[in-house]
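Read the structure below first, then the notes.
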Protein chains: 2
Amino acid sequence: MTTVLIADDQPLQRLGFRMLLESQDDMTVLTEAVNGSEAVRLTAELHPDVVLMDVRMPGLDGIEATRRIIASGDRTRVLILTTFDLDEYAYAGLRAGASGFLVKDAQPEELLAGIRAVSTGDAVVAPSLTRRLLDAYAHHLPSGTPADAPEAADPRLASLTEREREILTVMGMGWTNTEIAERLHLAESTVKTHVSRVLAKTGSRDRVQAVILAYDTKLVKP
Amino acid sequence: MTTVLIADDQPLQRLGFRMLLESQDDMTVLTEAVNGSEAVRLTAELHPDVVLMDVRMPGLDGIEATRRIIASGDRTRVLILTTFDLDEYAYAGLRAGASGFLVKDAQPEELLAGIRAVSTGDAVVAPSLTRRLLDAYAHHLPSGTPADAPEAADPRLASLTEREREILTVMGMGWTNTEIAERLHLAESTVKTHVSRVLAKTGSRDRVQAVILAYDTKLVKP
DNA sequence: GAGGGCGTAGTACCCGGGTATTACGGTGGC
DNA sequence: GCCACCGTAATACCCGGGTACTACGCCCTC
């Protein structure tokens, strides 16, 4: 039987979680907390297996509450939930020692599976965030196999021609197609052709994503 | 409709996967491959959305096949499956560019959810491995919580409300208005209102310039 | 000299982004 | 109690961005 503490300032949200968890015969909700400090206090008192922790709460927020619970040496695991998968929240939460990070609009089964996983010592991270974590850190993982390509330049830009790289650079400066055409003495239609090719080659859906890529690859420096 | 290629040397295993996937009305199995080189060749030919890749296969193994598929520049995502969650496999697979790593004894729903996640560009890692990844790397994550850091930041962002800063952040992630609306549970018209206010307050002419500002002010980190 | 990659350019079309305006409920200050 | 601000939302409208397709001249390589 997995014991759970729900920490969320919204009564309806707590109710929803409680209904879901109580419908499972291997879980029970010990109690609820309406803010971070209450969560810390009740955890120290009741030692739940898992704390479902909201990030945004009045007073002590979920991140700081997590940090204190972990620091207490208690064996309680913290699973952070947020409506919003903003990186800073997640990074901060995981740094604080949380065993997981899920978004609230996940499927109920995902949440239940997440609780079971963290209760046994495993960890879970929402897929949307996992992607960003991997993008940022995959190349820092210990190498199990040889054959590392230490990318000369970024592979995502490899297939661009010189001219296309130039176009992408000025896109990164926020120029519109019209401005690019004027300043590079081109027809706007030509600019559009270049832009389309840049998007296709870099796998960018639109201009914004291409600009982000330009920054990420340091083609344009902040 | 998500198109999938199954790469596994065991016929029974392939059959099981095919049965499961074909039972879903949003997935279809394009074809099967019995080893790594076949997987690479068929992927180049058919461009599936997702490759379900076994690690252990005769000839070219799943890791090396993954590396070649990613290196090809194809937009196909690779989801690695293995019987054991041995770290070396996982690290190597993720380094090779895989979008996910799951163990074969996962629940069918987990596998399906994983396929759907990677097909949309997200990523998934088995909980047992996530734990080890976090233990090893959590303290390397970028620091900072949004809660306590009320940005002594850039004056150009000073007049933005909390919500508007959030909107700008996700704009910086390349989300379209439609995506912002969906993921933040807002109406698109509301998103447009927010975006317009952000542009007005930051003096940005359009979305692209706002994103550049987000990078310049480190609101979004490269 | 045939072919291929590249840079240039045009046209037609669609859609998402952005503006302008209005509105309404909640909250906090005075 | 009133007002200001915020977050939410809708509507109508315009225009720039992006796609698809076609085309042509230049240069290089086989």
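Naming convention: chains lettered A, B, ... in sequence-line order (proteins, then strands); numbering from 1 in each chain.
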Item to check | Stepwise side chain to side chain donor-acceptor pair (under 3.5 Å) test for B/T2 and B/D49 | outcome: CA-CA 6 Å; B/T2 302; B/D49 297 319; 4.8 Å; no

Next on the checklist: Tell me if the side-chain of B/R197 makes a donor-acceptor pair with the base of D/dT8, cut-off 3.5 Å, by modelled atom types.
Outcome noted: yes

Item to check | Residue pair A/D74, A/S72: steps toward the side chain to side chain donor-acceptor pair (under 3.5 Å) verdict | outcome: CA-CA 5 Å; A/D74 208 320; A/S72 77; 4.6 Å; no

Item to check | Closest to side chain of B/L199, choosing from D/dG18, C/dG18, C/dT8 | outcome: C/dG18

Item to check | Residue mapping more 5' on DNA chain D - nearest nucleotide basis, A/N177 or B/T161 | outcome: B/T161

Item to check | Side-chain N,O (A/S189) to OP1/OP2 (C/dG10) below 4.0 Å | outcome: yes

Item to check | side chain to side chain contact (heavy atoms under 4.5 Å, CB included) partner of B/M53, the single match among B/I69, B/T43, B/L5 | outcome: B/I69

Checklist entry - Could you give the NZ-to-C1' distance, from B/K192 to C/dT21, as a whole number of Å? => result 14 Å

Item to check | Atom-pair distance (CD1 on B/I180; P on C/dG16), nearest Å | outcome: 14 Å

Checklist entry - B/I167 has an atom CD1; how far is it from atom C1' of D/dC6, in whole Å? => result 13 Å

Item to check | Smallest separation among heavy atoms of B/T3 and B/L30, with atom names | outcome: CB-CG, 3.7 Å

Item to check | For atom NE2 of B/H194 and atom C1' of C/dG18, their distance in whole Å | outcome: 15 Å

Checklist entry - In whole angstrom, what separates B/R205's CZ from D/dG16's P? => result 11 Å

Item to check | Under-4.0 Å side-chain N/O to phosphate OP1/OP2 contact, B/T190 with D/dT8 | outcome: no

Item to check | Per A/T176 side chain, nearest of listed nucleotides D/dG18, C/dT8, D/dG17 | outcome: D/dG17

Next on the checklist: Closest-nucleotide mapping onto DNA chain C: is A/K201 or A/H185 further toward the 5' terminus? I mean the 5' end.
Outcome noted: A/K201

Checklist entry - To the nearest angstrom, how far is A/D206 atom CG from C/dG18 atom C1'? => result 15 Å

Next on the checklist: If you only use heavy atoms from C-beta on, which nucleotide in D/dT8, D/dG18, C/dG18 is closest to the side chain of B/R207?
Outcome noted: C/dG18

Checklist outcome for this item: Here the gap from A/L199 atom CG to A/M171 atom CE, rounded to the nearest 0.5 Å, amounts to 5.0 Å

Next on the checklist: Just N and O in the side chain of A/S196: are any of them under 4.0 Å from OP1 or OP2 of D/dT19?
Outcome noted: yes

Item to check | Atom-to-atom span, CD of B/E188 to C1' of C/dG17 - whole angstrom | outcome: 9 Å

Item to check | Integer-rounded Å distance: C/dC6 P and A/R165 CZ | outcome: 11 Å

Next on the checklist: Let's see if you can work this out: which of C/dG7, C/dG17, C/dA9 has an atom nearest to the side-chain heavy atoms of A/E164?
Outcome noted: C/dG7

Next on the checklist: Side chain of B/L186, heavy atoms from C-beta onward: which of C/dG10, C/dG18, D/dT8 has the nearest atom to it?
Outcome noted: D/dT8

Checklist outcome for this item: When B/S159 and B/T193 are each assigned the nearest nucleotide of DNA chain D, the 5'-most assignment goes to B/S159

